[in-house]
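Predicted model, so just to flag it, every value in this text is computed and none were measured.
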Amino acid sequence: MAERTNPFTFLQQVRTEASKIVWPSRRETAVSTVMVLIMAVLAAIFFLIADQILNLGVGFLLGVGS
């Protein structure tokens with residue numbers, strides 16, 4: 001079984017690790033957000049087109065909707 005650390009030592013370790021965190025700047029956050037939104041829109045358009053093509057193909061093969 002692993003050695004248990006007392007709460008005081010644990011909190012010191014947490015504080016040390018928390019001080020190593022590097023937060024992104026406001027500009028980096030904004031650029032990342034815009035990139036994610038653009039990629040989501042592009043993915044939505046891609047899947048819409050793919051769905052329409054598959055729908056057309058299945059409809060043609062099964063003769064549904066004629």
Q.
With clusters defined by side-chain heavy atoms of hydrophobic residues (ILVMFWY) lying less than 4.5 Å apart, directly or transitively, does V34 cluster with M39?
A. yes
Please output the side-chain donor-acceptor pairs of residues 43-51 that fall under 3.5 Å, not counting sequence neighbours, one pair per line with the distance.
none

Just by modelled atom types, is the T29 backbone N or O under 3.5 Å from a matching donor or acceptor in the S32 side chain? no
Sequence neighbours excluded, the answer for salt bridge (charged side-chain N to carboxylate O under 4.0 Å, His left out) partners of E28 is none
Sorted by chain and number, sequence neighbours left out, side chain to side chain contact (heavy atoms under 4.5 Å, CB included) with F8 holds for N6, Q12
Rounded to the nearest 0.5 Å, the CG atom of L61 sits from the CG atom of L56 at a distance of 10.5 Å
